[in-house]
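Here the structure comes first, spelled out in structure tokens, and everything after it is commentary.
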Amino acid sequence: MSAAASDPSYPDLDSITTVTCIGAGTIGGGWAAYFLAQGFTVRVWDPAPDAADKLNRLIEAAWPALAELDMVEGANKDAWTVHTDLAEAVAGTGFVQESAPESLELKRSLLASIDAVCDEHVVIGSSTSGYSMTEMALDAAHPERLVVGHPFNPPYLIPLVEVVGGESTAASAVDWAADFYTRIGKSVIRMDHEVPGFIANRLQEAQWREALHMIDHGEATVEQIDRSITDGPGLRWPFQGPMLTFHLAGGEGGMAHMLDHFGPSLKSPWTRLDAPELTPKLRDDVVAGCDVAAGDKSIPDLVAHRDAGIIALRRLTAGLDGAHGAALQPTSAEGTRAEPERPAPIELDPYRTEVASEWIDYNGHMSEAFYVLVFGFATNQVMDQIGLDKAHREANCTSLYTVESHIRYLDEVSLGAHLEVGAKLVSAGPKKLHLAYEMRVGGQLVATEEIIGLHVNQEQGSTAPFSDEVMERIGRIRRESPEWVGRALG
Ligand SMILES: NC(=O)c1ccc[n+]([C@@H]2O[C@H](COP(=O)([O-])OP(=O)(O)OC[C@H]3O[C@@H](n4cnc5c(N)ncnc54)[C@H](O)[C@@H]3O)[C@@H](O)[C@H]2O)c1
């Protein structure tokens, strides 16, 4: 980065009233909505003929969420204008956020054009997801004020912005941009070095690449991959990132124990990922980084913090998933969040039956096909309990179709045995149920099943949302702990 001595002075943060968005698609439009909510007047330049319509729709959609979370008093959602002339769009602006399509050639020439018409004391940020400012700034006359301000979609809701300069960017411009984003409520990571893909995208992409490998090799389904995160590590990440998560996986010994104990067995997965050698220096750096991140919090402190967070998040996500967003009740006229009514929870009844003689095979035990039948009867009972009964199905011409199932046969079942099948709701969506069952004889676990069922309109031959009454009942069914599902799956 270039020396601070030759840096121009950038605007006083308190004096800025107008900002400019270049490109007003998903990201630029999201930025515009966020800037408006922060009380700025927003000038927009976007060559698309329908840019104003699209932006209007985006701001209308984003405004209620912004009003809940991030809005200053007096913010005006109509304080924006679209300009056809670039110089006009940046005239009198205090900051420019470029969010044009991700093409190096386009960004290089666009940033040079913005730079040519914009007051040289104004910092210009780019939303690029992957290009370095060093390569994007090559044609600009004043590259010292060009920085990357990489947001996450949607930029009006996700706080993180990664800020980094190129080789010719002044350190003071990076500082100024970091201060500006922080001032408007963003969570800023100010990076000293350009890293391909920045930080969070590098991590996301590594995970995404593995997910695609697993799908490609038939090792896991999309649903399994998504649930492996949403019902698994994803619940920890809002509170502790991947490094502190592993710090706790090492028990009382923290990251040091984690690396010393598991390091050798982790070599195989790391090698699959083209990982670096676990040198003593890398090991020590990671351990030291965890100590810094943990600050003065002990392992039990961190565990308590993590657990309290996970419980709160699970309650929230269960409410959102179940009853049409029960956790996001509208605010009352006084501006306080209305307390949601809590109807009585529904416990799913166990399904009971006796093993019939025609279910017995030549070995003298229940044949595997009849496990499927019994689990099917259990699903019928669940459907009745949530209001998807025969009358409802016939009136609406809908039914629940099983699209995936997984059975484990754990023990033999004899003629006349009394079967009890416990049912649990794992997750629910507007058109989907994920159920898990445990089949027992006299308390002994003999089989488990998980099914995914889709709600289908048989007339139209396509999936259909559950009715409000059914969703209301589903929302009242207690979700089961991941431990229960883990037990069912083994
Ligand atoms: N979508 C994401 O999840 C995401 C997340 C972070 C960063 N980004 C980055 O944000 C930038 C914009 O991505 P997006 O998803 O909003 O794309 P988008 O396609 O939704 O929007 C791009 C907008 O730029 C306009 N445009 C086209 N040519 C232009 C030009 N020469 N000058 C100015 N505007 C022009 C288009 O009309 C469109 O409105 C990219 O650099 C992308 O990498 C995207």
Side-chain angles (χ1 to χ4, degrees), residues 19-36 42-62 65 80-91 93 95-118 122 124-140 146-166 177 181 184 186-189 191 194-208 211:
V19 295
T20 299
C21 288
I22 304 294
T26 309
I27 296 301
W31 271 122
Y34 191 80
F35 291 142
L36 289 169
V42 178
R43 292 167 166 258
V44 175
W45 187 79
D46 187 307
D50 62 343
D53 285 346
K54 261 177 27 192
L55 181 56
N56 191 36
R57 286 198 297 276
L58 201 152
I59 293 169
E60 288 293 337
W80 56 275
T81 40
V82 176
H83 301 262
T84 47
D85 180 58
L86 188 57
E88 197 182 280
V90 298
T93 198
F95 176 65
V96 178
Q97 181 80 39
E98 173 275 313
S99 311
E102 188 78 350
S103 146
L104 182 56
E105 212 179 319
L106 186 153
K107 298 253 190 213
R108 199 176 273 167
S109 102
L110 180 61
L111 286 171
S113 305
I114 301 168
D115 177 50
V117 292
C118 184
V122 169
I124 299 168
S126 170
S127 297
T128 181
S129 304
Y131 297 124
S132 70
M133 189 45 85
T134 299
E135 52 190 347
M136 291 193 297
L138 282 181
D139 297 338
L146 299 184
V147 302
V148 168
H150 175 236
F152 288 80
N153 189 40
Y156 58 85
L157 277 187
I158 307 282
L160 186 62
V161 181
E162 293 167 317
V163 179
V164 64
Y181 290 124
I184 64 169
K186 290 296 183 185
S187 169
V188 172
I189 294 182
M191 299 168 68
E194 291 185 295
V195 175
F198 317 116
I199 299 173
N201 269 359
R202 281 277 289 276
L203 296 171
Q204 287 193 138
E205 281 156 9
Q207 189 180 67
W208 194 26

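Remember, it's 1-based here, ligands and their atoms both numbered in the order they're listed. Keep in mind that this is a model prediction, so the values were computed, not measured.
Within the model, atoms CE of Met136 and CG of Leu106 stand 11.0 Å from one another, a figure rounded to the nearest 0.5 Å.
For Glu205, there are no side-chain hydrogen bond (donor to acceptor under 3.5 Å, both in side chains) partners two or more places apart in sequence or in a different chain. Legend: residues meeting ring pair (Phe, Tyr, Trp, His ring centres under 6.0 Å) with Tyr181, ordered by chain and number and at least two apart, are Trp31, Phe95. With sequence neighbours excluded, no residue forms a ring pair (Phe, Tyr, Trp, His ring centres under 6.0 Å) with Tyr131.
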Distances only, to 0.1 Å: what are the N or O pairs between ligand 1 and the protein that fall under 3.5 Å?
{"unit_1": "ligand 1", "atom_1": "8 (N)", "unit_2": "Ser129", "atom_2": "OG", "d": "3.1"}
{"unit_1": "ligand 1", "atom_1": "16 (O)", "unit_2": "Thr26", "atom_2": "N", "d": "3.3"}
{"unit_1": "ligand 1", "atom_1": "16 (O)", "unit_2": "Ile27", "atom_2": "N", "d": "2.8"}
{"unit_1": "ligand 1", "atom_1": "20 (O)", "unit_2": "Thr26", "atom_2": "N", "d": "3.0"}
{"unit_1": "ligand 1", "atom_1": "20 (O)", "unit_2": "Thr26", "atom_2": "OG1", "d": "3.1"}
{"unit_1": "ligand 1", "atom_1": "37 (O)", "unit_2": "Asp46", "atom_2": "OD1", "d": "2.7"}
{"unit_1": "ligand 1", "atom_1": "37 (O)", "unit_2": "Asp46", "atom_2": "OD2", "d": "3.4"}
{"unit_1": "ligand 1", "atom_1": "39 (O)", "unit_2": "Gly25", "atom_2": "N", "d": "3.4"}
{"unit_1": "ligand 1", "atom_1": "39 (O)", "unit_2": "Asp46", "atom_2": "OD2", "d": "2.6"}
{"unit_1": "ligand 1", "atom_1": "41 (O)", "unit_2": "Ala100", "atom_2": "O", "d": "3.3"}
{"unit_1": "ligand 1", "atom_1": "41 (O)", "unit_2": "Glu102", "atom_2": "OE1", "d": "2.5"}
{"unit_1": "ligand 1", "atom_1": "41 (O)", "unit_2": "Lys107", "atom_2": "NZ", "d": "2.6"}
{"unit_1": "ligand 1", "atom_1": "43 (O)", "unit_2": "Glu102", "atom_2": "OE1", "d": "2.8"}
{"unit_1": "ligand 1", "atom_1": "43 (O)", "unit_2": "Ser129", "atom_2": "N", "d": "3.3"}
{"unit_1": "ligand 1", "atom_1": "43 (O)", "unit_2": "Ser129", "atom_2": "OG", "d": "2.6"}

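A distance-only check finds a donor-acceptor pair linking the side chain of Glu98 to the backbone of Ala100 [under 3.5 Å].
For the side-chain contact (heavy atoms from CB on, under 4.5 Å) with Val96, the lone residue among Ile124, Leu111, Asp115, Val19 that qualifies is Ile124.
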